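Below: the structure, in structure tokens.
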Amino acid sequence: MAGSDLNTTKQGLKQRLIDQALKRRQQPKGAPQASEDSVVKVNEYFTRFDLQPGYQQVEMLKSTGERFHVPDPFFKLHEGTAGATTIINGQTCINFASYNYLSLAHHPEVIEAATEALQRYGSSVSASRAVSGERPIHEEFERALAEQYDVEDALVFVSGHACNVSTVGHLMGQKDLILHDEYSHNSLLVGAQLSGARRMSFPHNDFATLEKLLARHREQFERVLIVIEGLYSMDGDIPDLAQFVRVKKRYQAWLMVDEAHSFGVLGDKGLGIREHANIPSKDVDIWMGTLSKTLSSCGGYIAGCKALVENLRYLAPGFLYSVGIPAQNAAASLTALRILQREPERLTNLHHISSYFRDQASAMGFNTGESIGMAVVPIITGSSVQAVKLSDDLLKQNINVQPILYPAVPEKSARLRFFLNTEHTQEQIDKTLKVLKEKW
């Protein structure tokens, strides 16, 4: 072999050795040395859906129910409109498991408005509103919401959950701080995680601890968002809004109030917690609400100043990259809003029957927690198994109420959660509590 050929061979061998060494260095330690056609060995715990923690938890709950001879309390099939009564398994039941508080989801005017919008605009707007999904009913409804809140503007999202996730996730960033009530809804927590902001919780309704956290940490962050709810759906209690407004003003933070369960429930006019607490709407920076409770449709909204809403309208991912709310949903909620405005007696009835339920339950020795007796009243059992069994016993007597179990709440706080409706009667309440006392 000539010298030049030998040198070429040595150089080629040297380059191959270098390439192999580099490849080995790039390979993670402990990684299998697999050929291109072989299957990489990975623990099946990370590849099988039936071994995932979520599925295992669901199966554990089902097996626990079977062991105690109680059926799955979830996904009951309702065969018609769910208001003060509903139909389950062909039987008419007294219903305490739907947040159709003002009984507007089946109101003839609401149904008619939705039907007309469906016929005029079709079943979908078929695009993001920013592109070609905008319809006149969207603007009309958002203007009505802004007027109801006495703010500059409002924006409607296709989902209440997505509304919170996208709003919080878009407004806040890594240099910011989010302080939220420990009982805040999942959508608010997911939005906080998405934002990348520092997240801290404070004890339920504890504005004093919130103030201490702000005194300690405010200067470390740029924007600060405080998140609370107007009416907490697990406990039926409310925050001291005036105190939270005071704290947010002192520490130059934004205050966001989730009114999913308080709008159309609190206050003589149903204006929500601001009416109940006699607080000007502009003292709260971000008002949020859903369309699925008193507004009898599906979706979510943000109400506030023009700069806030324009920011979200043009840039919030959950709005910009999502299809617009169907016209029939907007029409249904707009009509429900108008009925709320002209028929305050629906609120009067709701307030009366809610207070009656709480007072009667308390008089009979049931633990109703901190509920103020407005639409949501829990009866705490202190045991998930007992809550499920009581729910099943009540259903056998044609009374539908949902159990709330661990891990949704701590085991000692397991409960039956009663949603009241403006059309519930005292006779229905008396019967329900009597049966519950017998089965307890």
Side-chain angles (χ1 to χ4, degrees), residues 99 101-102 104 137-160 162-164 166-168 170-171 185 187-188 225-232 238-242 244-245 248-249 253-313 316 319 325 329-344 346-347 374-375:
Y99 32 67
Y101 299 129
L102 298 182
L104 294 176
I137 191 67
H138 293 144
E139 181 180 342
E140 185 180 1
F141 179 39
E142 288 169 346
R143 187 165 58 249
L145 280 172
E147 291 173 357
Q148 189 79 349
Y149 272 95
D150 191 25
V151 293
E152 293 177 346
D153 208 349
L155 186 67
V156 175
F157 290 70
V158 75
S159 155
C163 178
N164 270 336
S166 197
T167 298
V168 176
H170 172 66
L171 291 177
H185 191 267
S187 57
L188 295 164
L225 176 67
I226 301 166
V227 183
I228 59 175
E229 297 183 25
L231 176 66
Y232 287 87
I238 63 174
D240 186 336
L241 184 58
F244 281 95
V245 168
K248 82 99 181 178
K249 286 182 175 179
W254 288 333
L255 177 61
M256 178 177 183
V257 179
D258 181 335
E259 284 223 284
H261 292 269
S262 55
F263 181 79
V265 169
L266 298 182
D268 293 338
K269 298 179 180 178
L271 298 178
I273 191 169
R274 67 185 174 95
E275 181 185 8
H276 182 86
N278 194 27
I279 297 293
S281 62
K282 292 179 178 61
D283 280 353
V284 172
D285 302 280
I286 307 171
W287 291 105
M288 181 272 171
T290 59
L291 309 185
S292 54
K293 282 75 177 180
T294 52
L295 294 181
S296 306
S297 180
C298 184
Y301 62 84
I302 295 293
C305 69
K306 183 176 180 60
L308 165 69
V309 173
E310 286 290 277
N311 186 347
L312 297 174
R313 191 189 307 276
F319 181 83
I325 183 175
N329 286 22
S333 288
L334 176 59
T335 304
L337 179 60
R338 289 169 174 164
I339 296 172
L340 164 64
Q341 293 167 340
R342 77 164 191 252
E343 297 182 10
R346 289 179 179 270
L347 282 159
M374 289 284 188

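Not measured: the values here are computed from a predicted model. Residue numbers run from 1 in the order of the sequence given.
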Practice prompt. Run the numbers on Y301 and C163 for side chain to side chain contact (heavy atoms under 4.5 Å, CB included), then give the verdict.
Written response: CA-CA 7 Å; Y301 62 84; C163 178; 5.6 Å; no
Worksheet item: Between E259 and R274, is a side chain to side chain contact (heavy atoms under 4.5 Å, CB included) present by the stated rule, with each step listed?
Response: CA-CA 10 Å; E259 284 223 284; R274 67 185 174 95; 5.6 Å; no
Fill in: Evaluation steps, side chain to side chain contact (heavy atoms under 4.5 Å, CB included), between L337 and E147
CA-CA 11 Å; L337 179 60; E147 291 173 357; over 6 Å; no
Discussion item. Please evaluate residues T294 and L104 with respect to the criterion side chain to side chain contact (heavy atoms under 4.5 Å, CB included), reporting the C-alpha separation (whole Å), side-chain torsions for both, the decisive distance (0.1 Å), and the verdict.
Written reply: CA-CA 7 Å; T294 52; L104 294 176; 5.8 Å; no
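Shortest non-hydrogen contact noted between R346 and L102 is NH1-O, 2.9 Å. When all heavy atoms are compared, the tightest approach of A332 to S296 is CB-O, 4.2 Å. Residues L308 and A303 approach most closely at CD2-O, 4.4 Å, considering heavy atoms. Shown here for A253 and I226, the closest heavy-atom pair between the two residues is CB-CD1, 4.0 Å. Annotation for E229 and H185: closest pair OE2-N, 2.8 Å, computed over non-hydrogen atoms. The nearest pair of heavy atoms linking N164 to S187 is ND2-OG, 3.0 Å.
The structure places CG of D285 at 3.5 Å from NZ of K248, a figure rounded to the nearest 0.5 Å. If you take CD1 on I228 and CG on D240, they are separated by 9.0 Å, rounding to the nearest 0.5 Å. Between L171 atom CG and M256 atom CE the span is 8.0 Å, to the nearest 0.5 Å. Note: S281 OG to I273 CD1 = 13.5 Å, rounded to the nearest 0.5 Å. L231 CG to D258 CG: the interatomic distance, rounded to the nearest 0.5 Å, is 10.5 Å. The NE2 atom of H261 sits 6.5 Å away from the OG1 atom of T290 when rounded to the nearest 0.5 Å.
Under the 3.5 Å distance criterion, the side-chain polar atoms of S333 are matched with a main-chain donor or acceptor of L295. Of the possible donor and acceptor atoms, none in the side chain of W287 sits under 3.5 Å from a partner among the backbone N and O of V151. Without hydrogens or angle criteria, K282 side chain to D150 main chain gives a donor-acceptor distance under 3.5 Å.
Around NZ of K306, the count of heavy atoms belonging to other residues, nucleotides or ligands within 6.0 Å does not exceed 12. Within 6.0 Å of CG in D268 there are 12 or fewer heavy atoms belonging to other residues, nucleotides or ligands.
Under the side chain to side chain contact (heavy atoms under 4.5 Å, CB included) test applied with H138, the options L334, N329, I325 reduce to a single match, I325. Screening T167, V156, L145 against I302 for a side chain to side chain contact (heavy atoms under 4.5 Å, CB included) leaves a single residue, T167.
When side chains are defined from C-beta on, H170 counts as touching L312, because their heavy atoms get closer than 4.5 Å. The shortest distance between side-chain heavy atoms of F141 and L291 falls below 4.5 Å. M288 places none of its side-chain heavy atoms less than 4.5 Å from the side chain of L188. Residues N278 and E275 form no side-chain contact, since every pair of their non-hydrogen atoms from C-beta on lies 4.5 Å or further apart.
Using a cutoff of 4.0 Å between basic side-chain nitrogens and carboxylate oxygens, R313 and E310 are scored as salt-bridged. Between K249 and D283 a salt bridge is recorded (basic side-chain N to carboxylate O distance below 4.0 Å).
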